[in-house]
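Naming: A, B, ... by sequence-line order, numbering from 1 per chain.
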Amino acid sequence: MTDSKYFTTTKKGEIFELKAELNSDKKEKKKEAVKKVIASMTVGKDVSALFPDVVNCMQTDNLELKKLVYLYLMNYAKSQPDMAIMAVNTFVKDCEDPNPLIRALAVRTMGCIRVDKITEYLCEPLRKCLKDEDPYVRKTAAVCVAKLHDINAQLVEDQGFLDTLKDLISDSNPMVVANAVAALSEIAESHPNSNLLDLNPQTINKLLTALNECTEWGQIFILDCLANYTPRDDRESQSICERVTPRLSHANSAVVLSAVKVLMKFMEMLPKDLDYYGTLLKKLAPPLVTLLSAEPELQYVALRNINLIVQRRPEIMKHEMKVFFVKYNDPIYVKLEKLDIMIRLASQANIAQVLAELKEYATEVDVDFVRKAVRAIGRCAIKVEQSAERCVSTLLDLIQTKVNYVVQEAIVVIKDIFRKYPNKYESVIATLCENLDSLDEPEARAAMIWIVGEYAERIDNADELLESFLEGFHDESTQVQLQLLTAIVKLFLKKPTETQELVQQVLSLATQDSDNPDLRDRGYIYWRLLSTDPVAAKEVVLAEKPLISEETDLIEPTLLEELICHIGTLASVYHKPPSAFVEGSRGVQHKRLPGSAGSGESVDSPETTSTAGVSDAPPAVIPSQGDLLGDLLNLDLTPTTAGPPPPAPSSGMQLGGMDLLGGGLDSLIGAGFGAAPAALPASFSAPVSGGLDDLFDLGGGVGMPMGAYSPPKSVWLPAMKAKGLEISGTFARRAGVIQMEMTLTNKAMSVMTDFAIQFNRNSFGLSPAGPLQVLTPLSPNQSIEVALPLNTSGPVMKMDPLNNLQVAVKNNIDVFYFSCQYPISMLFVEDGKMERQIFLATWKDIPNDNESQFQIKDCHLSSGKMA
Amino acid sequence: MIGGLFIYNHKGEVLISRVYRDDIGRNAVDAFRVNVIHARQQVRSPVTNIARTSFFHVKRSNIWLAAVTKQNVNAAMVFEFLYKMCDVMTAYFGKISEENIKNNFVLIYELLDEILDFGYPQNSETGALKTFITQQGIKGQLQTKEEQSQITSQVTGQIGWRREGIKYRRNELFLDVLESVNLLMSPQGQVLSAHVSGRVVMKSYLSGMPECKFGMNDKIVIDKQGKGGATDDAGKSDLGGGSGKQSIAIDDCTFHQCVRLSKFDSERSISFIPPDGEYELMRYRTTKDIILPFRVIPLVREVGRTKLEVKVVIKSNFKPSLLAQKIEVRIPTPLNTSGVQVICMKGKAKYKASENAIVWKIKRMAGMKESQISAEIELLPTNDKKKWARPPISMNFEVPFAPSGLKVRYLKVFESKLNYSDHDVIKWVRYIGRSGIYETRC
């Protein structure tokens with residue numbers, strides 16, 4: 001009885017010894033040897049060399065030995081397909097054995113051997129076993145069909161196993177039914193459009209009958225399968241619900257959750273005024289609460305699901321707040337989930353209790369948990385207006401504890417409270433300012449800077465505070481830098497007299513010493529705003545901000561609907577659609593809730609749901625204001641991850657020269673970031689010399705049809721910045737007309753319409769010659785090519801760089817801004833070729849002071865080219 | 001479905017590895033070891049996704065059980081299965097330890113082959129499994145044809161938990177009502193949350209296929225009967241022993257799979273054919289009118305920066321004739337405690353530095369009594385800014401009654417084919433109330 005000894009043989013020549021033992025005449029020794037082989041296999045040693053010897057042991061009366069050999073076969077048959085054939089005979093023979101346990105064992109094992117040649121031999125025995133008189137063999141054979149389908153789907157269809165499997169749904173034995181349902185469901189998943197599991201009222205009735213009789217696992221298979229059915233009307237829906245509700249009292253949590261899934265789904269079809277609807281709602285809460293007394297791992301699964309259920313139907317759990325109170329000994333993952341649900345359930349009725357709890361949690365040990373608790377207090381304030389005052393005072397108490405991370409977290413949430421209730425709690429600013437020094441996390445620093453900037457007029461020493469941050473400007477994260485820039489500009493607009501120096505300092509830090517394009521762009525925009533029109537600057541920078549909404553972290557509704565259809569599964573644990581974590585064809589179908597009958601709450605058109613979950617991160621329900629606009633107004637307190645890394649720093653001179661060559665480089669840097677460092681005002685003399693170069697260059701290449709070349713399209717407006725609209729484009733000159741060629745792609749989930757475009761004033765007066773021609777609505781995941789003819793009759797304003805173009809695009813969702821650069825060459829007319837004399841004459845016409853001379857050294861141009 | 005199942009020891013060495021699906025490779029075994037068992041930080045979720053492969057794990061003492069999948073499986077089912085797997089293993093060879101697993105690895109493989117087919121859980125009732133998976137292995141040959149078909153029909157049948165032909169000379173059954181009472185109380189004595197989670201565990205030694213009916217003082221049932229006017233309660237409540245008139249409101253209950261759930265749903269009657277031997281008939285939860293056996297009154301005073309004074313009073317709140325046992329009060333102390341002096345009226349109290357707590361033990365205590373402990377805690381001065389979190393004072397105890405107020409009214413046994421009646425069955429009922437998480441904040 002001490003099999004553990006088999007784990008310890010690690011000598012050399014072990015394989016050789018085992019070989020000898022396997023071929024021993026003594027049965028006991030053989031068995032010992034096979035056990036050793038299995039033990040080695042378990043720990044990961046390669047014992048495939050023993051294949052023929054182990055297979056030789058297969059012909060035995062000893063069931064235990066036989067099972068061990070089978071186990072070995074399942075592991076290694078794939079690597080030794082030819083030898084595996086040797087085993088076929090035994091399998092076929094065992095499938096005829098009088099003992100049903102052996103018949104089942106043979107068919108079960110054969111299905112696990114993934115060798116094509118063997119599967120051929122499997123068909124006949126499998127067919128017999130599917131019709132075996134013994135239910136134990138039939139239930140094993142049912143699963144075997146799924147195994148075979150996984151290896152060779154075509155074979156299964158050709159052999160007609162699917163029909164036999166369908167017949168098994170009417171089997172007299174509930175476990176056979178359950179396994180057949182499981183197998184069919186799995187096969188149906190890989191054939192999304194086949195009508196394999198054609199669920200009709202008759203089969204549903206059979207399933208519901210089997211539900212009462214089969215094992216706990218069988219009940220899960222059946223319930224999961226039922227959840228895929230869409231009842232014809234509310235009456236059928238109700239009658240299924242009535243027969244499923246008893247499952248809510250099952251001891252197995254998975255049965256309960258699967259039953260909840262069926263009920264949540266079918267409930268959609270019940271009219272809300274129906275008495276039964278109310279009864280059902282009431283019945284759902286107690287079993288869900290009971291799940292919380294299960295083992296912690298199951299509690300976690302349950303909590304993740306309750307989180308979804310609460311979002312879909314808040315009324316179910318609304319009186320159950322107390323059960324989500326965190327226990328001191330709960331594992332951290334349970335604590336964090338409970339906290340999430342507490343916030344969702346917080347309402348005016350229970351806020352006092354919730355706050356008392358949250359305050360308690362904020363003194364716990366686990367840092368993540370404490371942070372989340374502090375954040376939760378802030379969210380309560382935003383959600384329940386009546387409690388805001390109490391929340392703020394609680395947060396102030398917490399700040400007094402001086403526990404570093406508590407203070408930081410509190411400041412971040414207080415900023416949000418300010419945003420939600422402007423001009424109400426600003427009296428606490430003084431307290432916040434006291435803690436300025438202890439803030440070392442970017443988010444907290446950024447929040448504090450925002451507060452100082454926003455309320456600069458009420459803080460006497462705002463300039464000193466901000467100046468103190470400025471010292472280490474380059475060591476700060478982007479988030480803080482952006483915030484600091486904006487805060488100082490705000491301060492300047494509010495107190496222009498004392499802070500001129502400060503604002504100049506920050507602008508030069510942002511534009512000259514930083515290689516972050518976001519920061520530079522924002523710096524330039526402010527700079528220009530301030531220098532051209534301070535009144536406009538005031539309007540833009542100090543504009544009234546939209547209030548933030550209550551629930552910011554809700555799951556996007558279409559995704560939520562899909563997740564409700566996946567209650568109990570991994571998708572509901574990850575809060576991601578299956579397509580986000582399952583490979584291949586399985587689970588890619590998007591499940592939807594059935595439309596409700598009798599109530600106005602119908603579901604959107606199908607195409608809007610079909611794209612849910614293309615990306616890993618579900619899109620936020622309430623996206624912040626258009627990001628680019630938001631940037632200007634500085635509402636973005638989330639860290640902006642600058643897209644591509646900034647180009648390697650190179651001298652402005654060099655780039656300036658190349659810039660005018662147009663084309664290539666522009667498209668490299670373009671991409672809407674306007675990153676060309678060429679435009680530093682300080683180095684403006686450089687491009688002139690480059691320009692001359694350019695001129696000659698052009699002259700040399702006269703014959704070339706100008707404008708035929710257009711750089712490849714680059715992304716001007718990334719989808720994440722424009723609520724799903726992606727614009728990539730380029731400029732071209734076609735038949736004398738400047739064209740802006742764009743590809744608009746809809747990466748959002750709803751249809752986009754009503755496109756329009758506008759240019760800002762620019763160096764050459766470029767403006768659209770006609771409206772943007774997007775006639776058909778742009779559905780999700782569709783792209784469209786648009787060519788917009790341009791003319792040069794628009795208003796002129798010199799841009800930095802010269803070829804920069806600021807564009808606004810509007811659709812039914814919002815207005816988006818981006819900037820791009822066009823190749824100068826595009827502006828040159830085709831008839832630029834001049835007679836030599838005329839050129840020389842024109843040259844001479846240019847006043848002498850416009851001429852600069854320099855020596856071209858090491859010129860290796862060929863004579864032909866010179867001519 | 002489940003793609004594979006691995007068992008590891010605390011070092012992350014594989015003890016058992018069984019792969020059910022082709023999409024799970026050997027590297028999955030290592031992925032879990034590296035990312036979860038050997039992870040630097042504490043694992044923050046029982047479900048981990050590594051390279052599009054999901055790992056579910058549970059831990060029993062220092063053994064890790066991990067189920068692996070690449071599909072969107074029913075997560076609740078996977079965990080339920082892992083627990084079940086632990087139960088089955090425990091029923092076969094006792095405690096789940098590295099030693100026992102290594103000693104029984106052949107058996108475990110055999111079990112895994114039987115209870116999980118292509119990742120779909122199959123019948124996992126220990127009673128049924130034990131009829132054909134035995135450590136002797138040769139039993140397959142000794143079975144007669146009838147025995148074989150009996151096994152298969154039991155494994156797949158409607159009553160998979162009981163075999164036919166069981167005979168006892170003495171028909172006997174034991175009912176244990178085991179409750180754990182949970183409490184979270186504020187320092188001021190306000191009940192923040194309290195609930196009882198109870199279990200009815202039955203040990204049945206009954207012949208044949210007996211049909212049983214279980215009754216308790218469930219408010220819904222009693223009210224229904226009250227309306228009907230029939231008051232035959234007195235005759236039935238003989239099993240309860242106490243005053244069976246009071247009824248309790250049960251928030252929710254779940255049943256062993258032998259109970260006919262549809263019947264409970266429609267008539268609220270609990271009827272079933274019990275498994276043989278010991279099993280858990282039902283679990284329930286109540287939150288109303290709970291008898292809290294003990295009240296803890298804490299008083300913590302900080303005297304300067306280096307001293308704490310703690311006084312805790314416990315009051316027992318049940319009939320004076322009853323005795324509570326195994327009482328233990330655990331008073332947490334700060335991490336920088338240097339010394340503790342304790343004085344207690346009853347029992348023994350000790351400061352346990354390794355657990356950062358004063359543990360006060362009392363063997364027995366009658367109802368309606370009170371006892372007190374006071375302690376002086378010396379603290380080392382620290383510059384740690386973080387305040388002491390003041391964990392709650394927790395309590396353990398055992399009382400001989402059900403804090404929920406649940407009473408067994410009857411358990412009737414009918415076996416029509418054999419010649420014994422309800423009156424011939426010897427029935428025993430016992431109530432035990434234990435502390436669950438019984439905490440008072442201080």
*Asks:* Taking the six-membered ring for Trp, is the centroid-to-centroid distance between Tyr20(B) and Phe118(B) below 6.0 Å?
*Replies:* no
*Asks:* Less than 4.5 Å to any heavy atom of chain B: does that hold for the side chain of Val176(A), its backbone, both, or neither?
*Replies:* neither
*Asks:* Heavy-atom cut-off 4.5 Å, strictly under: side chain, backbone, both or neither for Glu360(A) against chain B?
*Replies:* side chain
*Asks:* Which atoms of Asn404(A) are under 4.5 Å from chain B, going by heavy atoms: the side chain, the backbone, both sets, or neither?
*Replies:* neither
*Asks:* Checking heavy atoms, do the side chain of Lys35(A), its backbone, both or neither come under 4.5 Å from chain B?
*Replies:* both
*Asks:* Please find the pair of heavy atoms, one from Arg33(B) and one from Gly12(B), that lie closest to each other, and give the distance.
*Replies:*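 Looking at all heavy atoms of both residues, the shortest contact is NH1-O, 2.6 Å.
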*Asks:* For Tyr109(B), which atoms come within 4.5 Å of any heavy atom of chain A: side chain, backbone, both, or neither?
*Replies:* side chain
*Asks:* Is there a donor-acceptor pair under 3.5 Å between the side chain of Arg138(A) and the backbone N or O of Glu133(A)?
*Replies:* yes
*Asks:* At a heavy-atom separation under 4.5 Å, does Arg26(B) approach chain A through its side chain, its backbone, both, or neither?
*Replies:*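 Only the side chain of Arg26(B) comes within 4.5 Å of chain A.
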*Asks:* Need one label for Phe324(A): side chain, backbone, both or neither, based on atoms under 4.5 Å from any heavy atom in chain B.
*Replies:*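 For Phe324(A), there is no contact with chain B at all, as no heavy atom is under 4.5 Å.
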*Asks:* Tell me every residue that passes side-chain hydrogen bond (donor to acceptor under 3.5 Å, both in side chains) with Glu320(A), counting only those two or more places apart in sequence or in another chain.
*Replies:* none
*Asks:* Which residues pass the ring-ring contact (aromatic ring centres under 6.0 Å, His included) test with Phe56(B), sequence neighbours left out?
*Replies:* Phe79(B)
*Asks:* Let me know if Lys139(A) has heavy atoms under 4.5 Å from chain B in its side chain, its backbone, both or neither.
*Replies:* side chain
*Asks:* Checking Asn74(B) against chain A: side chain, backbone, both or neither under 4.5 Å from a heavy atom?
*Replies:* both
*Asks:* So which part of Phe264(B) gets closer than 4.5 Å to some heavy atom of chain A, the side chain, the backbone, both or neither?
*Replies:*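 Just its side chain gets close to chain A.
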*Asks:* Determine, step by step, whether Ser124(B) and Trp217(A) satisfy the side chain to side chain contact (heavy atoms under 4.5 Å, CB included) criterion, reporting the C-alpha distance in whole Å, the side-chain angles of both residues, the deciding distance to 0.1 Å, and the verdict.
*Replies:* CA-CA 9 Å; Ser124(B) 50; Trp217(A) 314 115; 2.9 Å; yes
*Asks:* For Thr140(A), is it the side chain, the backbone, both or neither that has a heavy atom under 4.5 Å from a heavy atom of chain B?
*Replies:*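 Both backbone and side chain.
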*Asks:* At a heavy-atom separation under 4.5 Å, does His195(B) approach chain A through its side chain, its backbone, both, or neither?
*Replies:* side chain
*Asks:* Tell me, side chain or backbone of Glu98(B) under 4.5 Å from chain A's heavy atoms, or both, or neither?
*Replies:*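 No part of Glu98(B) comes within 4.5 Å of chain A.
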*Asks:* Testing Tyr328(A), Tyr361(A), Tyr405(A) one by one against Phe369(A) for a ring-ring contact (aromatic ring centres under 6.0 Å, His included), which residue passes?
*Replies:* Tyr361(A)
*Asks:* Looking at Met1(B), Met282(B), Arg44(B), Arg260(B), which one has more heavy-atom pairs under 4.5 Å with chain A than the rest?
*Replies:*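 When all of Met1(B), Met282(B), Arg44(B), Arg260(B) are compared, Arg44(B) has the most.
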*Asks:* Heavy-atom cut-off 4.5 Å, strictly under: side chain, backbone, both or neither for Pro98(A) against chain B?
*Replies:* backbone
*Asks:* Given a strict heavy-atom distance threshold of 4.5 Å, which part of Asp224(A) is in contact with chain B: side chain, backbone, both, or neither?
*Replies:* side chain
*Asks:* I'd like to verify something: which residue of Asp251(B), Asp30(B), Asp22(B) has the highest number of heavy-atom pairs under 4.5 Å with chain A?
*Replies:* Asp22(B)
*Asks:* Ile16(B) versus chain A, heavy atoms under 4.5 Å apart: side chain, backbone, both or neither?
*Replies:* backbone
*Asks:* Around Lys59(B), counting heavy atoms of other residues, nucleotides and ligands shown, do more than 12 lie under 6.0 Å from its NZ?
*Replies:*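 Yes - once you tally the heavy atoms of other residues, nucleotides and ligands closer than 6.0 Å, there are more than 12.
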*Asks:* What part of Ala146(A) gets within 4.5 angstrom of chain B, counting heavy atoms only: side chain, backbone, both, or neither?
*Replies:*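 Both parts, heavy atoms under 4.5 Å.
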*Asks:* Which region of Asp97(A), side chain (C-beta onward) or backbone (N, CA, C, O), has a non-hydrogen atom less than 4.5 Å from a non-hydrogen atom of chain B, or is it both or neither?
*Replies:* neither
